[in-house]
Amino acid sequence: MLDQCKTYLNKISPRLVWIGSVVFGLLIFFVDRTTGNEIHVSVFYLIPTFLVTWYVSMGSGLAYGVVASLAWTVAESMSGFQYSHIGIVIWNTIVRAGFFLFVVILADRLRKALHYEKSISRIDPLTTLYNSRGFYERAYRVLEELRKQETPFTVAYIDLDNFKSIND
């Protein structure tokens with residue numbers, strides 16, 4: 001079950017993430033605009049910003065974050081709340097954009113670190129060959145592909161006695 005979820009999440013289309021994030025962002029915008037300053041839902045812009053960064057790219061996440069911070073400001077101004085000075089509106093927008101930038105950078109670094117850790121957990125550092133985890137995952141993917149194509153295959157297995165002493 002977990003492998004099926006991982007496979008599904010790895011196949012998510014960047015276009016689908018963009019469309020879903022835009023729809024979710026518009027929903028947040030309209031809810032934020034109608035609830036005014038009493039109920040703040042703008043923090044939920046972080047969810048699609050994170051998803052766009054994770055599944056599309058860091059640049060796309062930055063663009064989405066800037067648009068989300070502007071939408072937050074527009075929704076706030078449309079709710080009728082008045083600030084004492086226009087500089088406060090500008091400052092709040094810049095701070096929000098900076099916050100989204102921070103989240104995008106963290107999400108991108110987290111994704112890269114996860115990818116790196118996943119790759120080194122499947123490779124033996126001494127031989128730079130697949131370890132047992134890497135071998136079984138790769139073999140599973142290859143066998144599944146061969147089954148789908150209904151292609152015959154052969155598996156060869158070599159067992160070397162006392163190889164550990166040679167390896168050491």
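Sequence positions, counted from 1, serve as the residue numbers for this chain.
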Quick one, L27 with V23, criterion side chain to side chain contact (heavy atoms under 4.5 Å, CB included). Give me CA distance, side-chain angles, the key distance, then yes/no. CA-CA 6 Å; L27 178 68; V23 169; 5.7 Å; no
Kindly indicate, with the supporting measurements, whether the criterion side chain to side chain contact (heavy atoms under 4.5 Å, CB included) is fulfilled by L146 and V142. CA-CA 6 Å; L146 290 171; V142 168; 4.0 Å; yes
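I120 contributes atom CD1, which lies 10.5 Å from atom CZ of R122 (distance to the nearest 0.5 angstrom). Between I90 atom CD1 and H85 atom NE2 the span is 8.5 Å, to the nearest 0.5 Å. The line from CG of L101 to CD1 of I94 is 13.0 Å long, rounded to the nearest 0.5 Å. How far CH2 of W72 is from CG of D32: 8.0 Å, rounded to the nearest 0.5 Å. If you take CD1 on I123 and OH on Y130, they are separated by 6.5 Å, rounding to the nearest 0.5 Å. For the atom pair CG of L110 and OG1 of T53, the computed distance is 11.0 Å after rounding to the nearest 0.5 Å.
Transitive grouping of hydrophobic side chains (ILVMFWY, heavy atoms separated by less than 4.5 Å) brings F50 and L26 into a common cluster. Taken together through direct or relayed side-chain contacts under 4.5 Å among Ile, Leu, Val, Met, Phe, Trp and Tyr, L70 and V22 form parts of separate hydrophobic clusters. There is a path of hydrophobic side-chain contacts, each under 4.5 Å, that joins F44 to W54. In the hydrophobic cluster analysis, where Ile, Leu, Val, Met, Phe, Trp and Tyr join through side-chain heavy atoms closer than 4.5 angstrom, V17 is grouped together with L114. Under a hydrophobic clustering in which Ile, Leu, Val, Met, Phe, Trp and Tyr are joined whenever their side-chain heavy atoms come within less than 4.5 Å, directly or via other members, V74 and V43 fall into the same cluster.
Side-chain atoms of N92 and Y83, non-hydrogen and from C-beta on, do get closer than 4.5 Å to each other. At a threshold of 4.5 Å between non-hydrogen side-chain atoms, the residues F29 and M78 count as touching.
Of the candidates V104, V103, I28, L51, L46 forms a side-chain contact (heavy atoms from CB on, under 4.5 Å) with just one, namely V103. Partner of E145 under the side-chain hydrogen bond (donor to acceptor under 3.5 Å, both in side chains) criterion, out of R147, Q149, K148: Q149 alone.
Between S60 and W18, the shortest heavy-atom contact is CB-CZ2, 3.5 Å. Smallest separation of non-hydrogen atoms from P14 and Y55: CG-O, 4.0 Å. Here the closest non-hydrogen pair linking V52 and G61 is CG1-N, 3.6 Å. Between Y45 and Y64 the shortest heavy-atom distance is O-CE2, 4.3 Å. Nearest heavy-atom pair across M58 and I105 is CE-CG1, 3.6 Å.
The existence of a salt bridge linking R96 and E76 is confirmed by a sub-4.0 Å separation between a basic side-chain nitrogen and an acidic carboxylate oxygen. Under a 4.0 Å N-O distance rule, the pair E144/R141 does not qualify as a salt bridge.
Distance alone, capped at 3.5 Å, is enough to place a donor-acceptor pair between the N131 side chain and the S121 backbone. Checked by atom type and distance alone, the side chain of T128 never pairs as donor or acceptor with a backbone atom of P125 at under 3.5 Å.
Other residues, nucleotides and ligands contribute over 12 non-hydrogen atoms within 6.0 Å of the CZ atom of F24.
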